[in-house]
Each structure stands twice: as structure tokens, then as C-alpha cells.
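All remarks here apply to the structure that follows.
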Amino acid sequence: EYIEELIRQAIRMRNERLGKKHSSLITEAKEFIVKNYQEETLSLSDVADQVGLSSSHFSTTFKQETGKSFVEFLTSVRMDKAKEMLCFTDMKASQISYEVGYKDPHYFSYLFKKTQGCTPSEYIARFRKSSIEKKLKWLRMVVIIPALVGIITLLVIMINFNESYNEAVKNVSVASKFNFSFSEDMDYKMYRIVIGAESFDAMKPYEEIKEAKELVKELNKNAVTDES
């Protein structure tokens, strides 16, 4: 049993070393593919030679590490680059096909539709529609909504101002019923009490009503004295 355990540990250590080695090699292989995807003749054997593995060993290991075959990975890299060019350049699909390693534009269009579910022209149309929708959403968030909030706020201010103005007119009308003159140096607080004197009948206790009316009489008396 002791010997069997040693063997198992040795196998496990070997597999771990091989796994790390393979992981490093596959990373190198993917970087090589991304760097050279534009080459039409790029093949599995080219990449296998780059990382020092046989074609068959590299193919098996690459599939195990990435979940994709060499051709699937290369095609995905080329399609991703093609989509970038479709969206952010003015190049036509036929020109882009050459840029990503396909000399036959028809074959490129066939692969694009097979892998992306739409033709290159349909893809760019969807992208532009999505871009317009995003811009409109941004416009609503940054311009339209704040503008509406500003308009509503302005309306509230106007309504409050109108109510305040109407209340002021009412108060002046109340004050005019007392038939006395105000001197320029009259205490502002007294003026406010006089203005609200009549409303005290409904809102304040009897003592406050009495106090306010007495104050009105006193102010009338002082006003007459000042005029004399």
C-alpha cells in the first residue's frame, strides 16, 4: 500500500507539472494566433511548431484547455475583429474579409452568418439602431428629464408666488379698514400684527384679539398725533 501511494503521488505530481506546462503553451499559442490571425495560410501545424508540439498533440491539448478546436478559436478571433471593423470603420464587408484573413468575401459572409446568426450588413444595421437607441436614452436622461423637472419647478414657484401675491393684496385690504396712517419708521413687527389683526378673530384666543385691537387703537392715536 505504501508503494502504491507513492506511485499515485508521483503520477499526480507529473500531471500537475504537465498541466502547468500545457497551460503555458496554450497561452503562448493563443497569443500567436491573435497576433497572426490576418494570415490566410495560418494553420494548426504553424501554431504547433511555434509551441514545440506535434500537430496531433497540440490539437488534443488545445481542445482540452480552451474548449474549442484550433479552427473554431481562429474563426472566433477573426469574427471578433471583423465586428469591430464593421462598427468602427467605413470599410465594406469585402474589404474587411481580406483584413481578417479571408480572401474570398463570399466565404467570409457565409462564415459570419453561420457564427453570428446574421449577415455583415444586418449586423451593422443592428449596431447602428442600438447606438441610436442608446443616444436617445442618454438624451432623455441628460436633457429632456432635467428640462421637465425645471419646468415643473418653475410652475410650482409661479403658483406659490400667485398665492403669496393674493394673500398680500388681501392683507392690504384688511389694513385699509383701520383708517390710520403709518409713519415711515413704524416697527415692522407691529405692522405685521396690524395686517393680521382681523384674522385673529378666527385663529387666536380672545386675549390676543384684544391685545391686537388695543395696539391698533394706540397706533391710530400715535398716527393722529404725528400728523398734528
Side-chain angles (χ1 to χ4, degrees), residues 1-138 141-142:
E1 293 182 1
Y2 176 73
I3 295 176
E4 290 179 355
E5 180 61 25
L6 287 177
I7 294 174
R8 282 195 294 269
Q9 290 181 4
I11 293 173
R12 185 166 56 252
M13 292 175 64
R14 184 202 64 181
N15 291 339
E16 289 177 355
R17 285 197 299 269
L18 286 175
K20 292 180 180 179
K21 179 181 179 181
H22 287 160
S23 179
S24 176
L25 291 176
I26 297 306
T27 298
E28 181 184 352
K30 289 193 291 185
E31 291 174 352
F32 183 79
I33 293 170
V34 171
K35 185 178 180 179
N36 297 277
Y37 72 92
Q38 294 173 300
E39 298 294 329
E40 181 188 15
T41 58
L42 183 64
S43 65
L44 184 146
S45 60
D46 292 333
V47 183
D49 289 342
Q50 175 67 25
V51 297
L53 296 176
S54 67
S55 295
S56 59
H57 188 191
F58 171 74
S59 179
T60 301
T61 303
F62 191 87
K63 177 76 172 180
Q64 290 174 345
E65 292 289 327
T66 65
K68 296 180 180 180
S69 67
F70 164 76
V71 173
E72 289 171 339
F73 183 83
L74 174 60
T75 301
S76 68
V77 171
R78 286 174 169 172
M79 292 300 111
D80 288 344
K81 297 297 181 180
K83 288 187 289 186
E84 288 180 15
M85 293 180 187
L86 284 169
C87 295
F88 303 109
T89 72
D90 295 327
M91 298 174 65
K92 297 180 179 179
S94 57
Q95 296 173 304
I96 292 174
S97 67
Y98 285 94
E99 292 295 324
V100 297
Y102 299 107
K103 303 307 179 186
D104 184 350
H106 296 291
Y107 181 65
F108 165 72
S109 296
Y110 163 77
L111 277 181
F112 192 96
K113 185 172 184 178
K114 181 180 179 181
T115 57
Q116 308 305 314
C118 61
T119 64
S121 58
E122 290 172 341
Y123 183 84
I124 189 60
R126 292 178 184 176
F127 174 79
R128 288 173 179 169
K129 180 180 179 181
S130 176
S131 297
I132 292 173
E133 290 175 349
K134 288 179 180 178
K135 289 178 181 178
L136 289 175
K137 182 178 180 181
W138 176 86
M141 294 296 294
V142 176

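Reckoned from all heavy atoms, side chains included, excluding hydrogens, waters and symmetry mates.
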Which pair of heavy atoms, one from [X] and one from [Y], lies closest together, and at what distance?
X: Ser76; Y: Lys68; value: OG-NZ, 3.7 Å
X: Cys118; Y: Phe112; value: O-CD2, 3.1 Å
X: Cys87; Y: Ile124; value: CA-CD1, 3.8 Å
X: Phe32; Y: Leu42; value: CE2-CD1, 3.9 Å
X: Phe62; Y: Lys30; value: CE1-CG, 4.0 Å

In Å and rounded to the nearest 0.5 Å, what is the [atom1] to [atom2] distance from [X] to [Y]?
X: Lys114; Y: Tyr107; atom1: NZ; atom2: OH; result: 7.5 Å
X: Leu74; Y: Met79; atom1: CG; atom2: CE; result: 9.0 Å
X: Thr89; Y: Glu99; atom1: OG1; atom2: CD; result: 9.0 Å
X: Ile96; Y: Lys83; atom1: CD1; atom2: NZ; result: 12.5 Å
X: Ile26; Y: Leu53; atom1: CD1; atom2: CG; result: 7.0 Å
X: Thr75; Y: Phe70; atom1: OG1; atom2: CZ; result: 8.5 Å

Is a side-chain N or O of [X] found less than 3.5 angstrom from the main chain of [Y], in a donor-acceptor match?
X: Ser97; Y: Ser94; value: yes
X: Thr61; Y: Phe58; value: no
X: Ser130; Y: Arg126; value: no
X: Ser59; Y: Ser55; value: no
X: Asp49; Y: Asp46; value: no

Determine whether Glu28 and Leu25 make a side-chain contact, defined as any pair of heavy atoms from C-beta on separated by less than 4.5 Å.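 Yes, at least one pair of side-chain atoms sits under 4.5 Å.
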Is there a side-chain contact between Gln116 and Glu122 in this structure, where contact means two heavy atoms from C-beta onward sitting under 4.5 Å apart?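 When only atoms from C-beta onward are counted, Glu122 and Gln116 do not touch, as no gap falls below 4.5 Å.
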Considering the options Glu40, Glu84, Arg78, which one meets the side-chain contact (heavy atoms from CB on, under 4.5 Å) requirement together with Val100?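 So the option named by the test is Arg78.
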Using the ring of each side chain (for Trp, its six-membered ring), is Phe108 parallel, tilted or perpendicular to Tyr102, with breaks at 30° and 60°?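 Answer is tilted, since the angle falls between 30° and 60°.
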Would you sort out whether Phe88 and Phe127 count as a ring pair (Phe, Tyr, Trp, His ring centres under 6.0 Å), showing the intermediate values? CA-CA 10 Å; Phe88 303 109; Phe127 174 79; 5.5 Å; yes
For Gln95 and Met85: C-alpha separation, side-chain torsions, deciding distance, then whether side-chain contact (heavy atoms from CB on, under 4.5 Å) applies. CA-CA 10 Å; Gln95 296 173 304; Met85 293 180 187; over 6 Å; no
Surrounding NZ of Lys35 (heavy atoms of other residues, nucleotides or ligands, distance under 6.0 Å), is the total greater than 12?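 At most 12 heavy atoms, drawn from other residues, nucleotides or ligands, come within 6.0 Å of this atom.
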